[in-house]
Amino acid sequence: MAYKTDIEIAREASKRPIQEIGAKLGIGTDDLLPFGHDKAKVSQSFIDSVQDRKDGKLVLVTAINPTPAGEGKTTTTVGLGDGLNRIGKNACVCIREASLGPNFGMKGGAAGGGYAQIVPMEDMNLHFTGDFHAITSAHSLLSAMIDNHIYWGNELEIDVRRVVWRRVVDMNDRALRQITASLGGVANGFPREAGFDITVASEVMAILCLARNLTDLQERLGNMIVAYRRDRTPVYCRDIKADGAMTVLLKDAMQPNLVQTLENNPAFVHGGPFANIAHGCNSVMATTTALKLADFVVTEAGFGADLGAEKFLNIKCRKAGLAPDCVVLVATVRAMKMNGGVAKADLGAENVDAVKAGCPNLGRHINNLKSFGVPVVVAINHFVADTDAEVQAVKDYVAGQGSEAIVSQHWEFGSKGSEELATRVAEIAEGGSSQFAPLYADEMPLFEKIETIAKRIYRADEVLADKKIRDQLRLWEEQGYGDLPVCMAKTQYSFSTDPNLRGAPTGHSVPVREVRLSAGAGFVVVVCGEIMTMPGLPRVPSAENIHLNDAGEIEGLF
């Protein structure tokens, strides 16, 4: 049987005017700033007016480690949100915006799939409301002002060898990872080594997603460290006097974007830090606003639970005072078989033994999440080729881990297919059994925080870090940054730093290549293994297949 593509389904959506979607959350027309007919920003004045309301229930959707077989985390997030609305709950979805880099690279979009999508799909996966462009522009303004300050006499005595502020662009471009800037003679400044990250790895992106309001945003921007002097004292963004202008560029981008699901339920899509090189969650502004407006808020954290969920729980919840009432862990039969050693080409054939062999990856994620004190439900994102015996093998394994697994067919049937999952999630969230607590205390030394995650989440034997890195961490502690959480940057494909090591590996080490202080965002980035903060394009990038058809419609997005 042939199934429609995601973009075909999205194109057929019966969208309602965005004012009607806002009304479902009690947002008046005057408090919406429309971008066309089907998307809008929510005004800061309205957000300020609802802060005294009681919070709804918070549900986090996460997943096993991603495989080429597909897991469908965003699809499940959207399907669960629609399912909760179907059973009579007032629910809102909160997800991240899509980066152009992966869209034109290999990962694809971030709007869900099948009959569990957020629309308008094309807009969301391309320029949307311009938030990422604003972040790129604000970041670039600071880059220009740093080099301009050095050019006009360097009053702050910046050591040009120790400018740590890298440039950004929202595209996968490996050629820009390491560059030489200011070549061309005296008129162009002082040549120095520099480099680019992808926009979603920018500290400005992290700050936008963690700031509570514009005042908090400007303060955090001002706190960013951009360079060091010869005596190793830091130079801050506020010293360059760029924080005010950057805030102006980000003023509209700070306001959450309201759109709708295929079933015309409200969804906030705002912010988009990667989960393998940043903290992987949508904005605090969107999540906290949704909690004031809906009885249930379904949000997601990027990639597997060892990355996105760990950072959601240890960073976002810590910073924003949030506590999830239930966690949904997404898995597929296909991914279990791939973790069990089956090649992608052979996933269509029934193989119960391979499913069982791949389940330890799922089991480790369950146990890791439980260590935060949160109740965990496994959502089996159903594929049409899954057999009853394979599904039962996953259910039996999960039951042995002290949790329960529920099949959800939202991709094929929308909310009708996620009704059972939604009912159980609502029961758990309303039952009040969550006793959430972060994995480590603020006062724990930075290296011990890294070891805690490496040993308790990744199940590594040790963390490998040379003296230079350990000394740097101790220096930051002496400077007052020791109470910050750590943001681990590593491959999403494995619990280890080896992307080819699937399942639930033990006996491995976590090599720390670099540490970066994000003083404005409020965490320390720990770069592990071969992870890159500027991805490259694959041999055959998705961009080769993206085009306009004869009707002027976009083809090739997924």
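Keep in mind the model is a prediction, meaning the values are calculated, not measured.
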How close do [X] and [Y] get, counting heavy atoms only, and between which atoms?
X	Y	result
A253	A134	CB-CB, 4.0 Å
V259	V119	CB-O, 3.5 Å
F104	L537	O-CD2, 3.7 Å
A111	T74	C-CG2, 4.0 Å
V510	A454	CG2-CB, 3.9 Å
A98	N103	CB-ND2, 3.6 Å

May I ask you to say whether [X] pairs ionically with [Y], meaning some side-chain N is under 4.0 Å from a carboxylate O?
X	Y	value
D306	K490	yes
K449	E451	no
R167	D197	no

Side chains of [X] and [Y]: does their closest heavy-atom pair fall under 4.5 Å?
X	Y	answer
F132	H127	no
H410	V78	no
N282	F268	no
T299	C281	no
T497	P511	yes

**OP:** Could you tell me whether the side chain of N265 and the main chain of T261 form a donor-acceptor pair under 3.5 Å?
**Re:**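 A pair under 3.5 Å: no.
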
Original post:
Are the side chain of R220 and the backbone N or O of A206 linked by a donor-acceptor pair below 3.5 Å?
Top reply: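 Checked: no pair found.
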
**OP:** List for me each residue that meets ring-ring contact (aromatic ring centres under 6.0 Å, His included) alongside H37, sequence neighbours excluded, and say none if there are none.
**Re:**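 None.
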
Subject >> By ring-ring contact (aromatic ring centres under 6.0 Å, His included) - contacts of H279 (at least two apart) >> reply: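 H279 satisfies ring-ring contact (aromatic ring centres under 6.0 Å, His included) with F523 only.
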
Can you tell me if [X] and [Y] form a side-chain donor-acceptor pair at under 3.5 Å?
X	Y	value
H133	D170	no
E71	T67	yes
R456	N368	no
E530	T491	no

Subject >> Sequence-distant partners of E555, salt bridge (charged side-chain N to carboxylate O under 4.0 Å, His left out), two or more places apart >> reply: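 With neighbours one apart ignored, the set is R11.
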
**OP:** Tell me, please, which residues at least two apart from D38 pass salt bridge (charged side-chain N to carboxylate O under 4.0 Å, His left out).
**Re:**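 Residues passing salt bridge (charged side-chain N to carboxylate O under 4.0 Å, His left out) with D38: K15.
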
Original post:
What do the steps show when you test N223 against R238 for side-chain hydrogen bond (donor to acceptor under 3.5 Å, both in side chains), and what is the final call?
Top reply: CA-CA 7 Å; N223 288 338; R238 59 176 177 267; 2.6 Å; yes

Subject >> Stepwise side-chain contact (heavy atoms from CB on, under 4.5 Å) check, K292 with D55 >> reply: CA-CA 5 Å; K292 300 298 183 184; D55 284 346; 3.0 Å; yes

**OP:** State which residue, out of H270, K41, K39, fulfils the side chain to side chain donor-acceptor pair (under 3.5 Å) condition with N257.
**Re:**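 Single side chain to side chain donor-acceptor pair (under 3.5 Å) partner of N257 among H270, K41, K39: K41.
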
Subject >> For D48, all residues meeting side chain to side chain donor-acceptor pair (under 3.5 Å), sequence neighbours excluded >> reply: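 Expected list: Q44.
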
Subject >> Value rounded to 0.5 Å, distance of CD in E97 from CG in D123 >> reply: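 Answer for the CD-CG pair, E97 versus D123, is 12.0 Å.
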
Subject >> Rounded distance (nearest 0.5 Å) linking atom CG of L249 with atom CE of M254 >> reply: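 With rounding to 0.5 Å, CG (L249) is 14.0 Å from CE (M254).
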
**OP:** Might you work through the side-chain hydrogen bond (donor to acceptor under 3.5 Å, both in side chains) test for D239 and H149, ending with a clear yes or no?
**Re:** CA-CA 10 Å; D239 298 327; H149 178 89; over 6 Å; no

**OP:** Quick one: which residue pairs count as a side chain to side chain donor-acceptor pair (under 3.5 Å) with a foot in residues 201-214, not counting sequence neighbours?
**Re:**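 Of all non-adjacent pairs touching residues 201-214, those that pass side chain to side chain donor-acceptor pair (under 3.5 Å) are H139-S202.
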
Subject >> Cation-pi check, R364 onto F495 ring (under 6.0 Å, within 45° of axis) >> reply: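 Satisfied, under 6.0 Å and within 45°.
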
